[in-house]
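Beneath this line is the structure, given in structure tokens, with notes to follow.
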Amino acid sequence: MCSKLLFSLLIIFIFYHDSIEAQKKKETLLSEKVTQMMEWTSRRSVIRMNGDKFRRFVKAPPRNYSVVIMFTALQPQRQCTVCRQADEEFQVLANSWRYSSAFTNKVFFASVDFDEGSDVFQMLNMNSAPTFLHFPAKGKPRKSDTYELQVKGFAAEQLARWVADRTNVQCFVLIMTSGQMWNHIRGPPYAHKNPNTGQISYIHGSSQAQFVAETHIVLLFNAAVTMGIVLLCEAATSDVDIGKRKIMCVAGIALVVLFFSWLLSIFRAKYHGYPYRSQYHL
């Protein structure tokens, strides 16, 4: 009886020890993969992948990060004009993510060129380019993880909305909708100082331009409006007591009304003539 008990305890100990060792190996491998992906991203925002890199860093577990991949054919002999146009937008998107304050090691951008990874195209039964796919941190890609290029086009702003929807990086959405994309493309000054009066302007007076400070201001206002809506939703669905729900409701309404009115003020300052009215001439 005693020997059977000891044998059972020994088996349990061995199983537990092996589980711990396997977990340690998994964590070490994951850490190495994330470190490598971060190193590649520090060199270029869009990681270039061949078949080996794709299988190791995207397909093979463990992985706790999402990868957004553009499958393309950029070699001159392929004569894929749309691939080059899409690549430019994808580069802008990846750069905006890489150099934004919202950047984390939870989302990476990569590309697989047909001439460098034809085996990957074959593996995924892919016969057209460009194609954008999202590989989630957990589970297999779903239908919605394939970007509808023919419907939405490949503009960086549209890609950004899709990426934000698939990865739940909401701060990324706020940054993109506040004009960060325009800043990366145009490189505007942070603000403007009038040489005659010395007055500093943080909001550009034209709808055709903007300052970096303007992006930060609009980002703050958008975030406040979003927070207000979240509070209103929580007030309606939360299980907390009625007093706290009333406070959440009042705070949500105040945030939405106040900051949305300020957003409209900026809009009016940039788009002269708002609110627009129809004019009839006899």
Side-chain angles (χ1 to χ4, degrees), residues 89 92-104 107 152-153 155-238 240 242-279:
E89 296 295 313
V92 170
L93 172 62
N95 284 329
S96 297
W97 168 242
R98 171 65 183 83
Y99 296 106
S100 75
S101 58
F103 176 73
T104 69
V107 182
K152 300 179 180 179
E157 293 85 353
Q158 295 294 337
L159 287 168
R161 294 189 183 96
W162 171 69
V163 171
D165 178 62
R166 301 314 308 152
T167 60
N168 291 320
V169 183
Q170 298 307 323
C171 186
F172 184 49
V173 180
L174 294 175
I175 289 172
M176 299 305 292
T177 57
S178 299
Q180 186 67 18
M181 181 71 66
W182 199 92
N183 292 340
H184 278 284
I185 295 173
R186 304 295 182 182
Y190 187 82
H192 173 71
K193 184 176 182 179
N194 190 313
N196 298 322
T197 64
Q199 183 180 1
I200 299 177
S201 299
Y202 298 101
I203 305 294
H204 200 285
S206 170
S207 61
Q208 303 300 316
Q210 68 180 35
F211 300 131
V212 174
E214 183 177 329
T215 299
H216 296 165
I217 293 170
V218 173
L219 171 61
L220 174 63
F221 290 179
N222 282 335
V225 172
T226 302
M227 179 59 69
I229 294 174
V230 170
L231 286 174
L232 288 173
C233 292
E234 287 294 317
T237 59
S238 178
V240 299
I242 189 67
K244 291 183 179 179
R245 291 172 66 181
K246 286 182 178 179
I247 294 174
M248 292 166 64
C249 184
V250 172
I253 292 174
L255 284 171
V256 172
V257 171
L258 181 63
F259 285 93
F260 189 72
S261 65
W262 286 350
L263 277 173
L264 283 179
S265 297
I266 294 176
F267 187 81
R268 291 190 190 97
K270 295 180 68 67
Y271 292 82
H272 306 290
Y274 178 86
Y276 306 115
R277 295 180 176 87
S278 298
Q279 294 182 352

Taking every non-hydrogen atom, the tightest pair across [X] and [Y]:
X	Y	result
Ala156	Val92	CB-CG1, 4.4 Å
Met248	Ala235	CE-N, 3.7 Å
Leu231	Ala251	CD1-CB, 4.1 Å

Rounded distance [0.5 Å steps], [atom1] in [X] versus [atom2] in [Y]:
X	Y	atom1	atom2	answer
Phe221	Ser261	CZ	OG	8.5 Å
Thr215	Leu220	OG1	CG	12.5 Å
Arg268	Leu263	CZ	CG	11.0 Å

Answer yes or no: is there a donor N or O on one side and an acceptor on the other, between the side chain of [X] and the main chain of [Y], under 3.5 Å?
X	Y	answer
Trp97	Val107	yes
Glu214	His204	yes
Lys270	Gly205	no

Answer whether the closest heavy-atom distance between the side chains of Tyr190 and His216 falls below 4.5 Å.
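Yes - at least one pair of side-chain heavy atoms lies under 4.5 Å apart.
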
Holding to side-chain contact (heavy atoms from CB on, under 4.5 Å), I want the full list of residues that pass it with Leu232, two or more places apart in sequence or in another chain.
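Applying side-chain contact (heavy atoms from CB on, under 4.5 Å) to Leu232 gives Cys249, Ile253, Val256.
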
Please step through side chain to side chain contact (heavy atoms under 4.5 Å, CB included) for the pair Trp262 and Leu258, ending with a clear verdict.
CA-CA 6 Å; Trp262 286 350; Leu258 181 63; 3.6 Å; yes

Taking CZ in Phe103 as the centre, count heavy atoms belonging to other residues, nucleotides or ligands within less than 6.0 Å. Is the count above 12?
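Yes.
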
Taking the inter-plane angle between the rings of Phe211 and His192 on a 0 to 90° scale, is it parallel (under 30°), tilted (30 to 60°) or perpendicular (over 60°)?
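Rings of Phe211 and His192: parallel, as their planes differ by under 30°.
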
